[in-house]
**Q** 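The structure is given below, and queries will be raised subsequently.
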Amino acid sequence: MVEPQEQIEVEIVWPRPEGPRHWRLRLPVGSTAGAALAAIAQDENGLQDLLEGQPLGIFARRVEPGHVLQEGDRLEIYRPLQLDPKEARRRRATRTR
């Protein structure tokens, strides 16, 4: 008799200017963050190119694509910063002077 492969459920969140995208996936135990991205890219044409090299995190903690996911993880795909935080503070300081 064949044992069913154990799976975990994870959520993937990608903030977009037009609104956030959410996916819920069931993946085999031991799947990585990169494998989760590849799984959603299979369903959406051209998505792999958009996600390539984007920083990732789980509950606001940075992770690498090789990070092994756990049950209930929320994988976040971060957008590049529009402005360096130090530069933003400098601009605000010069406006208030």
Side-chain angles (χ1 to χ4, degrees):
M1 181 152 107
V2 176
E3 290 283 324
Q5 186 174 15
E6 289 187 47
Q7 293 191 330
I8 58 171
E9 185 171 323
V10 297
E11 179 182 12
I12 300 176
V13 179
W14 186 25
R16 303 286 299 150
E18 61 273 5
R21 301 277 309 268
H22 297 267
W23 295 269
R24 284 202 178 276
L25 299 176
R26 293 206 57 78
L27 300 167
V29 170
S31 293
T32 63
L37 293 183
I40 62 170
Q42 279 181 336
D43 295 339
E44 311 235 0
N45 223 1
L47 192 60
Q48 184 67 35
D49 294 337
L50 289 173
L51 298 177
E52 190 69 36
Q54 294 286 11
L56 304 172
I58 295 178
F59 298 115
R61 193 184 98 245
R62 287 287 303 264
V63 298
E64 296 300 319
H67 178 81
V68 176
L69 298 172
Q70 304 296 318
E71 174 70 29
D73 277 350
R74 175 187 163 117
L75 179 63
E76 300 155 347
I77 304 165
Y78 300 128
R79 294 186 306 188
L81 292 175
Q82 298 294 321
L83 184 62
D84 177 50
K86 289 181 183 179
E87 181 59 29
R89 282 192 293 276
R90 279 189 206 103
R91 289 182 184 185
R92 283 194 305 270
T94 57
R95 271 187 269 152
T96 59
R97 288 183 188 169

**Q** For the backbone of Ala60 and the side chain of Glu76, can you confirm whether one donor and one acceptor N or O come within less than 3.5 Å of each other?
**A**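 Flag set: sc Glu76 to bb Ala60 pair under 3.5 Å.
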**Q** Between Ile77 and Pro15, what is the shortest heavy-atom contact and its length?
**A**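 Heavy atoms only, the tightest pair is O-CD, 3.1 Å.
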**Q** State plainly whether one hydrophobic cluster holds both Trp23 and Phe59, where clusters connect Ile, Leu, Val, Met, Phe, Trp and Tyr through side-chain heavy atoms under 4.5 angstrom apart.
**A**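 Trp23 and Phe59: one cluster.
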**Q** Applying side-chain contact (heavy atoms from CB on, under 4.5 Å) to Leu75 and Val10, what does each step give before you reach the verdict?
**A** CA-CA 7 Å; Leu75 179 63; Val10 297; 5.9 Å; no
**Q** Working to the nearest 0.5 angstrom, can you tell me the gap between Gln70 CD and Ser31 OG?
**A**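 That separation rounds to 10.5 Å.
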**Q** Checking Glu71 side chain against Glu9 main chain: does a donor-acceptor pair fall under 3.5 Å?
**A**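 Checked: pair present.
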**Q** Looking only at heavy atoms, which two atoms of Leu69 and Ala33 are closest? And how far apart?
**A**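 For Leu69 versus Ala33, the nearest heavy atoms are CG-N, 3.9 Å.
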**Q** For atom CD of Glu87, decide whether the heavy atoms of other residues, nucleotides or ligands shown that lie under 6.0 angstrom number more than 12.
**A**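 Yes - once you tally the heavy atoms of other residues, nucleotides and ligands closer than 6.0 Å, there are more than 12.
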**Q** Could you tell me the separation between the CD1 atom of Ile12 and the CZ atom of Arg74, rounded to the nearest 0.5 Å?
**A**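 Separation between the atoms: 11.5 Å.
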**Q** Let me confirm one number: the CD-CZ distance from Glu6 to Arg26, rounded to the nearest 0.5 Å.
**A**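 That separation rounds to 10.5 Å.
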**Q** Do you know the tightest heavy-atom contact between Gln7 and Val29?
**A**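 Taking Gln7 first and Val29 second, the nearest heavy atoms are N-CG2, 4.0 Å.
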**Q** Can you tell me how far CG of Leu25 sits from CG of Asp73, rounded to the nearest 0.5 angstrom?
**A**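 So the CG of Asp73 and the CG of Leu25 are separated by 12.0 Å.
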**Q** Using side-chain contact (heavy atoms from CB on, under 4.5 Å), reason through Arg91 and Leu83 one step at a time and then give a plain yes or no.
**A** CA-CA 11 Å; Arg91 289 182 184 185; Leu83 184 62; 3.9 Å; yes
**Q** Quick one: closest heavy-atom pair of Pro65 and Leu56, and the distance?
**A**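 So the minimum-distance heavy-atom pair works out to CA-CD1, 4.1 Å.
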